[in-house]
Every structure is written in structure tokens, then in C-alpha cells.
Amino acid sequence: MCGIVGIVGNSPVAPLIVDALKRLEYRGYDSAGIATIEHGRLDRRRAEGKLVNLERRLKDEPLDGMIGIGHTRWATHGVPNESNAHPHFSDGVAIVHNGIIENFAELRDELMRDGYSFTSQTDTEVVAHLVARELAKGLKPVEAAHKALKRLEGAFALAIMFKGDEDLIVGARNGPPLAVGHGDGQMFLGSDAIALAPFTNSITYLEDGDWAVVRRNQVDIFDMGGNKVDRKRQQSLSTSFMVDKGNRRHFMEKEIHEQPEVISHTLAHYVDFVGGVSKPLDLPFDFAKIDRLAISACGTAYLAGLISKYWFERYARLPVDIDVASEFRYREMPLSKNDAA
Ligand code: GLU
């Protein structure tokens, strides 16, 4: 879930981006970063852990650009450390990304064959190189971004910035939410209206498959075919105390659409997507040495337990008992030394 912020502003944007990222902290993250462009120079600060670490970095080495993008990362591809933290760079292109690029392995191989080298383990870096490759072929930034976006599969929200244009951020959405905030002589991008609440309450939510060309005085939104689309501008009532349901009709619909991203984040704890192998589990018992598993859970976790019973019995041939936790305590289930509960 994590967060994205972009500002094409008229004063140094790094402190504003940090402020907006703080409003997205509720979504969870493990590292954070910001990039700005100042006098044609693209620069970034990144830090593992809480935003306060990034703030410390910025205090020691400030960024003064008036255009910038920021990110709180919740790792799916690659460990949470500074070199995997966003923004990612490639030849004058800076990118922040929420979600997953499902075809990243295929794209990475293609880009490596073309001579691009990778400095992170993330799926995101392929997007930076794809855009840079189109620029190197002579395309203008907006066309390069569009061409690269068309290659992507998966669930993503992206903000892309270009060293050669200090009045442009390209935003794209296919799954995770992304909103444009309309200011007066400045424009904003954010994962939700809450992030943008201190700057503007005039918001346009991108729809899945949309991408936006965001400049200080103009925003144009397109579909993947490159056709201009009209998206409603609305007054947001969000304050920093509210959870935003974006352009979904109700919270249940929002949560349904969040499932691919949430499941990817959960799986990322157990699967190394980059190496294509499962990660060692840190459990207080050895699955190979137990004869039976007892699961006790409530509500949705109980339902998840029922599914795991099915899988454990079918694939691991391990018998499983599952109980509603409120009943389990009265049942006094006999447990032997080779049972795990
Ligand atoms: N998949 C990307 C990564 O692991 C983005 C994760 C996110 O949504 O923050 O860096």
C-alpha cells in the first residue's frame, strides 16, 4: 500500500513532500526517499526505516529543487534497504512506484541484453530503464513514458520525473490509487487526498489504465491508447484524520481492489520474487518433525485456517485440526509432543 507524492511546485518541495508522506504513514512502509531536480541536476536522499531517518538525511544534506517525487516503500521485490528504496534512477529519469510489475523478470532480461545494469533488486528499476531507453532512442519525455507504460503488466501507481524538464511529472495508475491535486501555479500527485490535504482539496482521481501529464499550470489525462480522457474534478473533504476511499464508491469496493497489492506484500515475506525461491521460515518447530497441526483462529483468520487445512493435508499430508479460538480454550484438545498448535 505505501505511498507516492509528486509536486511541481514554486518553492523548495522536499519539506512539503516529507509532510505529505507523513500523512501516508498509516498505509505502512519500511523505507522512504525523495528526489528533486535543481538547476538541471537530479538528486535524491533515501533512508531505511521511519521517515524521521529520511528527515535526518535531508537536514544534513538538503534538497532544494522546486519539483520532486517522494515515496514510502513497502518492499515486495528485494529487502528493505537504502539501495532498494525509491526513487530509482536511470539516465536522467527518476521513478517512484507502488505495487508490483508482474513481468519485471522478462523486462529485466531484455534490458540487460541491451546493456542496462541494475543497482537494486526491485521490480521498479525496470520502469526507469524502459523510459530511459525510449529517451535514448530520441523520444520526448511524455512519449517515452507512454511507450514504457504500455510494456507494463501488474498493479502499479507510478510517478516519473525527467532531468530535462523541470515542469513535468508523469503519473500512472493501474490498481493502487493515484490522485492529481490542482493548485494555483503548482500541481500535486498523491496516493490519496489526505496526503494532499494541506496543499489543495481540488482533486482528480485517475482511473485504472490512466496516465497523467502534470505541469504547473496544466494537467492532461490519457488512456493507454493515448486518447485524452475527461476525469471529474472534485472537492475533497479529506482531512488528515480521515481514511480516504479514493474514487471507489465504498470502503468494501476499495478493499476488494486492494487485494492484489496486499496479497503481493504478504507473499513477499515468504517468497523471494527476484530469485524465484521461497524464503526460510523462522518457526519455533520443524514442519518435517511434526505429526499434526492444530490451528486456532477467529473470523476471517479462521476461514484462512480452513484453506490452509486443505492445503496442508493435500500437499504436505499433514493432518490439521482447526477450531474457532473462542471454543478452543474450552475444548482441552489432547496435544502430543509432536503436535504443533
Ligand atoms: N515493488 C516495489 C518494491 O518492492 C514497490 C513496493 C511498494 O509498493 O512500495 O520496491
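Numbers here simply count residues along the sequence, with the first being 1. Every number for a ligand or one of its atoms is a count from 1 in the order of the listing.
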Practice task
Classify the side-chain pair Ser90/His129 by whether it contains a donor and acceptor separated by less than 3.5 Å.
Solution key: yes
Practice task
Determine, using the 4.5 Å side-chain heavy-atom cutoff (strictly less than), whether Leu149 and Val126 are members of one ILVMFWY cluster.
Solution key: yes
Practice task
Among Asp123, Thr124, Thr122, find the one that has a side-chain hydrogen bond (donor to acceptor under 3.5 Å, both in side chains) with Ser120.
Solution key: Thr122
Exercise for the section: State whether a side-chain donor-acceptor pair under 3.5 Å links Asp192 with Tyr26. Expected result: yes
Exercise for the section: Flag yes if Ile34 and Val8 sit in one hydrophobic cluster, no otherwise; membership is Ile, Leu, Val, Met, Phe, Trp, Tyr, and two members link when side-chain heavy atoms are under 4.5 Å apart. Expected result: no
Practice task
Give, for atom CD of Glu153 and atom CG of Leu107, the distance between the pair rounded to the nearest 0.5 Å.
Solution key: 8.0 Å
Handout entry: Proximal atoms of ligand 1 relative to Cys2 (non-hydrogen, under 4.0 Å)
Key = 7 (C), 8 (O), 9 (O)
Handout entry: Subset of ligand 1 atoms that lie under 4.0 Å from at least one heavy atom of Asp123
Key = 1 (N), 2 (C), 3 (C), 4 (O)
Problem - Proximal candidate to atom 4 (O) of ligand 1 [heavy atom criterion; set Thr76, Leu158, Val79] - result: Thr76
Problem - Option nearest atom 9 (O) of ligand 1 (shortest heavy-atom distance, choices Phe104, Tyr29, Trp74, Phe273) - result: Trp74
Problem - Atom indices of ligand 1 within 4.0 angstrom of His71 heavy atoms, with elements - result: 9 (O)
Exercise for the section: Determine whether Phe312 and Arg317 make a side-chain contact, defined as any pair of heavy atoms from C-beta on separated by less than 4.5 Å. Expected result: no
Exercise for the section: May I ask you to check whether Gly99 has an N/O atom sitting below 3.5 Å from an N/O atom of ligand 1? Expected result: yes
Handout entry: Sub-3.5 Å N/O-N/O distance, Thr122 and ligand 1
Key = no
Completion exercise
For Thr124, the atoms of ligand 1 under 4.0 Å from one of its heavy atoms are 2 (C), 10 (O)
Exercise for the section: Below 4.0 angstrom from a heavy atom of Arg73, which ligand 1 atoms are there? Numbered from 1 as shown, please. Expected result: 3 (C), 4 (O), 9 (O), 10 (O)
